[in-house]
Amino acid sequence: MNIGMVCFPTYGGSGVVATELGIALANKGHKVHFMSYSQPFRLNLFSENLFYHEFNVNDYPLFDYQPYESVLASKIVDVAIYEQLDVLHVHYAIPHASVAYMAQQILKSKKIKLPYVTTLHGTDITLVGKDPAFEPVIRFSLNHSNAITSVSQSLKKDTLKTFKIDNQITVIPNFINIKEYNLLRDESIKRKYAPNGEKLLVHISNFRKVKRVKDLIHIFNLIKNKFSSKLILVGDGPEKPSIELLCRKLNITHDVVFLGKIADPKEILSVSDLFLLPSETESFGLSALEAMAMKVPVISTNGGGLPEVNIHGKTGFLSDLGNVDEMAKYAIKILSDENLLNQFRENAFDQAKKFDIHKILPQYEKLYKQMISKE
Ligand code: GMT
């Protein structure tokens with residue numbers, strides 16, 4: 001199949017899912033055409049089946065707000081015609097579902113069919129989607145999608161609660177390629193961050209408010225009172241300055257390492273003992289799944305789709321939002337018992353295997369084929 005793939009290229013789970021899916025489809029022989037305003041951060045490998053079509057939204061001095069939607073719709077139309085796309089897959093409803101609809105209508109006027117599937121990722125529904133200003137456009141473009149997928153049961157439920165959707169929503173969970181997670185723990189990396197055998201805790205996110213990184217710092221502070229430990233923060237984002245201030249206030253700056261944006265966090269995960277994710281909500285929590293695939297247990301909150309990924313008392317623990325004391329208690333429980341930690345590591349890995357790409361890819365392929373055959 002010739003597949004068009006639209007996603008945000010920035011550091012975020014939806015871009016990762018789109019990119020990893022595109023790579024896996026290309027490896028199976030499909031031709032995958034990415035369209036974005038800059039190269040998705042994990043799209044960095046050569047394959048004869050992967051194509052990248054960049055468009056420019058910065059060259060319009062007339063506008064205060066650049067017409068992203070119009071430029072993207074035009075790019076989709078162009079790529080659909082010249083690369084003979086069979087199907088279009090857009091990630092993140094806002095604004096990609098309505099852009100896909102517009103492109104589809106333009107192509108229809110040229111007697112070209114292009115079915116599109118919209119994958120809902122979470123904040124497009126749970127945060128941004130709850131702004132009533134978006135409601136008519138999202139509802140319309142979802143109801144006109146040839147298919148809708150959501151990355152968890154919980155997100156499907158939230159979507160149906162938030163919008164009046166007549167279309168069917170198919171749950172296709174996020175995934176990892178488990179084969180790529182067989183890095184051995186590199187003790188030399190561990191020694192860099194934990195020279196005195198400290199426990200290594202890690203968090204990966206885009207440091208938005210929804211990630212509750214300040215809770216994370218308080219959890220770490222409590223853990224640190226019990227164990228000598230270090231916290232590694234991967235990513236960057238709007239909350240970073242206030243997190244730095246909090247670390248200074250708590251006098252823990254020497255134990256918190258800001259690594260910045262890292263495209264592939266496997267190496268750092270491979271030397272970590274525990275992954276912390278105290279988010280307000282996560283539709284899925286791909287970063288937690290990536291940690292689990294690297295045998296790192298997860299302490300998280302229980303909002304959204306997190307309980308579908310992290311299994312309480314098995315692969316980690318789940319607590320109510322903001323229950324910093326309990327999350328610290330759970331972390332201390334796992335970290336203070338080497339046998340328990342190893343058991344949780346194995347459980348986490350077993351759970352991650354359930355989300356292996358080889359189980360998920362056929363679901364997308366089947367969906368694409370159904371959409372094409374219905375046209
Ligand atoms: O979590 C973010 O801030 C980024 C966002 C995105 O769309 O890139 O992530 C959402 O989609 C991911 C991939 O499907 C999910 O794993 C994340 O849980 C979800 N984030 C939230 O729901 C907060």
Side-chain angles (χ1 to χ4, degrees), residues 5-22 24 36-38 40-43 89-97 117-131 134 138 148-159 161-162 169-177 203-213 215-216 233-240 243 261 263 265 275-293 298 300-310 318 321 351-352 355 357 360 363-364:
M5 197 71 79
V6 171
C7 65
F8 287 116
T10 44
Y11 281 72
S14 55
V16 172
V17 171
T19 307
E20 301 286 358
L21 175 62
S36 188
Y37 59 85
S38 78
F41 73 99
R42 281 205 189 165
L43 189 65
H89 190 164
V90 297
H91 293 259
Y92 214 84
I94 306 170
H96 295 153
V117 48
T118 305
T119 290
L120 308 173
H121 280 277
T123 40
D124 44 355
I125 297 300
T126 53
L127 291 180
V128 195
K130 276 188 182 137
D131 181 343
F134 288 111
I138 299 181
I148 309 173
T149 70
S150 92
V151 298
S152 64
Q153 293 290 350
S154 146
L155 180 60
K156 175 177 176 174
K157 244 176 50 212
D158 279 342
T159 308
K161 233 186 321 170
T162 313
I169 300 179
T170 307
V171 176
I172 303 184
N174 286 336
F175 53 84
I176 34 85
N177 187 343
H203 169 82
I204 303 174
S205 78
N206 46 23
F207 296 12
R208 286 187 294 151
K209 267 210 156 63
V210 69
K211 302 293 173 181
R212 300 277 288 222
V213 192
D215 283 3
L216 169 81
L233 294 172
V234 178
D236 209 331
E239 289 288 285
K240 182 159 173 217
I243 301 161
K261 294 175 179 172
F275 187 82
L276 301 173
L277 192 62
S279 305
E280 193 176 312
T281 182
E282 288 287 342
S283 65
F284 184 89
L286 183 62
S287 56
L289 179 63
E290 293 187 329
M292 286 160 55
V298 175
S300 72
T301 38
N302 52 18
L306 281 169
E308 295 171 46
V309 179
N310 185 20
L318 297 114
L321 173 63
Q351 169 74 351
F355 296 89
I357 179 80
I360 306 299
Q363 300 179 41
Y364 278 116

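Ligands are counted one by one from 1 in listed order, and the atoms in each one are counted from 1 as well. Excluded from the calculations below are hydrogen atoms, water molecules and symmetry mates; all remaining heavy atoms, backbone and side chain alike, are included.
- The pair Glu282-Arg212 fails the salt-bridge criterion, with no side-chain N (NZ, NE, NH1 or NH2) lying under 4.0 Å from an Asp/Glu carboxylate O.
- The closest protein non-hydrogen atom to atom 7 (O) of ligand 1 is Ser14 OG, 3.0 Å.
- Considering only residues two or more places apart in sequence or on other chains, Lys209 meets the salt bridge (Lys or Arg N to Asp or Glu O under 4.0 Å) condition with Glu239.
- Per-residue contacts place Val151 under 4.0 angstrom from the following atoms of ligand 1 (heavy atoms of the residue considered): 14 (O).
- Summary of contacts: the protein heavy atom closest to atom 20 (N) of ligand 1 is Glu282 OE1, 3.2 Å.
- Listed by number with element, the atoms of ligand 1 under 4.0 angstrom from any heavy atom of Asn206 are 2 (C), 3 (O), 4 (C).
- For atom 1 (O) of ligand 1, the closest non-hydrogen atom of the protein is Lys211 NZ, 2.7 Å.
- Listed by atom number, the atoms of ligand 1 under 4.0 Å from Tyr92 heavy atoms are 7 (O).
- Contacts between Leu286 and ligand 1, counted as non-hydrogen atom pairs separated by less than 4.0 Å, involve both the backbone and the side chain.
- Two rings, from His91 and His96, have their centers 6.0 Å or more apart.
- For ligand 1, none of its N or O atoms has an N or O atom of Thr281 under 3.5 Å away.
- Residue contacts with ligand 1: Gly285 is included, with a non-hydrogen atom under 4.0 Å away.
- Looking at Asn174 against ligand 1, only its side chain comes within 4.0 Å, counting heavy atoms.
- Interatomic distance, CD1 of Ile172 versus CD1 of Ile148, reported as 12.0 Å (0.5 Å rounding).
- Within the structure, salt bridge (Lys or Arg N to Asp or Glu O under 4.0 Å) contacts touching residues 5-16 (residues at least two apart or in different chains) do not occur.
- For atom 14 (O) of ligand 1, the nearest non-hydrogen atom from the set Glu280, His91, His121, Lys209 comes from His121.
- Ring-plane geometry between Tyr364 and His89 is classed as tilted, the angle between the planes lying from 30 to 60 degrees on a 0 to 90 degree scale.
- For ligand 1, none of its N or O atoms has an N or O atom of Val17 under 3.5 Å away.
- Residues Phe175 and Phe284 place their aromatic rings such that the two centres sit no closer than 6.0 Å.
- For the residue pair Thr119 and Thr149, a side-chain donor N or O sits within less than 3.5 Å of a side-chain acceptor on the partner.
- Contact of the Leu277 side chain with the Ser287 side chain is registered, since non-hydrogen atoms from C-beta on lie closer than 4.5 Å.
- The heavy atom nearest to atom 15 (C) of ligand 1, considering only Gly122, Ser283, Gly13, is found in Ser283.
- At the top of the distance list for atom 2 (C) of ligand 1, counting protein heavy atoms only, stands Arg208 NH2, 2.8 Å.
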